[in-house]
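One structure below.
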2 protein chains.
Amino acid sequence: MERSQSEARERVLVAAEQLFAQKGYGPVTLRQIGARAGLNHSSLYHHVPGGKADLFVEVMERIYARHRAGLTAALGAAGPDLRRQLYAAARWLLSQPPMDLVRLEHIDMVELAPAQVQQLSNGAYAALQLPLVEVLAAAHERGEIAEEDLDLISGGLVGMIESLFAVSEAVAGKSRMMMAERLIDVMLNGLRPRL
Amino acid sequence: MERSQSEARERVLVAAEQLFAQKGYGPVTLRQIGARAGLNHSSLYHHVPGGKADLFVEVMERIYARHRAGLTAALGAAGPDLRRQLYAAARWLLSQPPMDLVRLEHIDMVELAPAQVQQLSNGAYAALQLPLVEVLAAAHERGEIAEEDLDLISGGLVGMIESLFAVSEAVAGKSRMMMAERLIDVMLNGLRPRL
DNA sequence: GTCTATATAAAGATAGAC
DNA sequence: GTCTATCTTTATATAGAC
């Protein structure tokens, strides 16, 4: 093992994951992470000598890995129908904390070193875009969708679904998943009436 | 005048607007705002006695007012065609700093008092959704769009366009405006081929 | 209106005892 | 591995001179 794969270290990573996913990089303090992991904040440096920034990058990698696995599994379990696949992707994304890639790009990453920024950018693309691009490519080959720029489409879909996290379900009067399904239907069929 | 409408106060509000729009609430310090306004940070309390939180709310109200006016003007100047109207809305949104409503809802607002939260939520809706809902309603009456839930559609459109702020134009190889136009076309016509 | 000086709190990080 | 204690910095906020 290349790192101290202790049980306490795992607790630290889980605690940091919950807090970073919820509030981003800046607002989370090492004392909060330590408290949630049952440790004094100074003990974190034993498990993650690189400090807060290194901890954030490692935790984001874990989040990306889970998203990539979760999205791929959801898409695989949805069967061959594109609409059901996109529903499944939405269900997965809405089951997780918001990724808020705009915040990540414009706020969190500003505080990190360039190499860390590059690492996170690549991870986000592989986790959130690639699985969707694959099913879109298959649908494109079947002639079900016309558009060729699948990166653009997958990004637009993810952005639209994630933006539902800004909507209060109480105010909207329906669940985010219901809203996501209608928006996906619009993306598939278009706002303009079909003849 | 109910407040000290001095020239220095205006400089403070402009400086705060730029910084809050760029980084959100937490990461911005009063010292940064003061420096940009040419004032010691302690002098800010003369112009905004309520401190950082009050300053943020007042500044966000100004941002909302500008968005509402800018969006309405852009839509009006676009003429009667829905596609051109949506293009104009995208051009406006992409000309301004990201609003990042997910961050606002899940991070910034957590640090504010409930009354301030309510005020900001209402302002965001009136600024970003209402102008779009109006043109969508007109198009709906002309029979150009089938979907009835116009709040959902306008929210999805805004979220999709704003999510382009997470995309590097250098990586994508095209401008955000070009991407926005293609996504709007997809929303209008659908991914599925029209016969 | 603006400043200096300061109070108070909390952040990231390190040293060293156990 | 974990702690206490501390260093250093920086944040919001206030008091009071000018």
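Below, read A as the first sequence line, B as the second, and so on, with proteins coming before strands; counting in each chain starts at 1.
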query: Looking across every strand, which nucleic acid part, if any, lies under 4.0 Å from B/Val12 by heavy atom: base, sugar-phosphate, or nothing?
result: nothing
field: Nucleotide D/dA15, atom C1' - distance to CG of B/Leu44 in whole Å
entry: 16 Å
message: From C-beta outward on A/His46, which listed nucleotide comes closest to its side chain: D/dC3, D/dG1, D/dA13?
response: D/dG1
message: I'd like to know if A/Ser42 reaches the base of D/dT2 with its side chain such that a donor and an acceptor end up less than 3.5 angstrom apart.
response: no
query: For atom CZ of B/Arg84, is the number of surrounding heavy atoms from other residues, nucleotides or ligands below 6.0 Å larger than 12?
result: no
query: Do the ring planes of B/Trp92 and B/His67 sit parallel (below 30°), tilted (30 to 60°) or perpendicular (above 60°)?
result: perpendicular
message: Which nucleotide wins on minimum distance to the side chain of B/Ser43, given the candidates D/dA13, D/dT4, C/dT2?
response: C/dT2
- prompt: What orientation do A/Tyr25 and A/Phe20 show, parallel under 30°, tilted 30 to 60°, or perpendicular over 60°?
  reply: parallel
task: In whole angstrom, give the distance that lies between atom CG of B/Leu30 and atom C1' of D/dT10.
output: 12 Å
Selected nucleotide, minimal atom distance to B/Asn40 side chain, candidates C/dT4, D/dA13, D/dG1: C/dT4
- prompt: From D/dT14, D/dT2, C/dA13, pick the nucleotide closest to the side chain of A/Ala8?
  reply: D/dT2
query: Looking only at N and O atoms, is any donor in the side chain of B/His41 or the base of D/dA11 less than 3.5 Å from an acceptor on the other one?
result: no
Atom-pair distance (OH on A/Tyr45; C1' on C/dG12), nearest Å: 4 Å
field: Euclidean distance, atom CD of residue B/Glu111 to atom P of C/dA10 [Å, nearest integer]
entry: 13 Å
task: Specify the separation, in whole Å, of atom NZ of B/Lys52 and atom C1' of C/dA9.
output: 14 Å
message: For A/Arg68, is the CZ atom crowded, meaning more than 12 foreign heavy atoms sit under 6.0 Å from it?
response: no
- line: Note: for A/Arg31 and A/Leu39 on DNA chain D, the residue whose nearest nucleotide lies more 5' is A/Leu39
task: Compare the minimum distances between each of C/dG1, D/dG1, C/dA11 and the side chain of A/Thr29, then state the nucleotide with the smallest one.
output: C/dA11
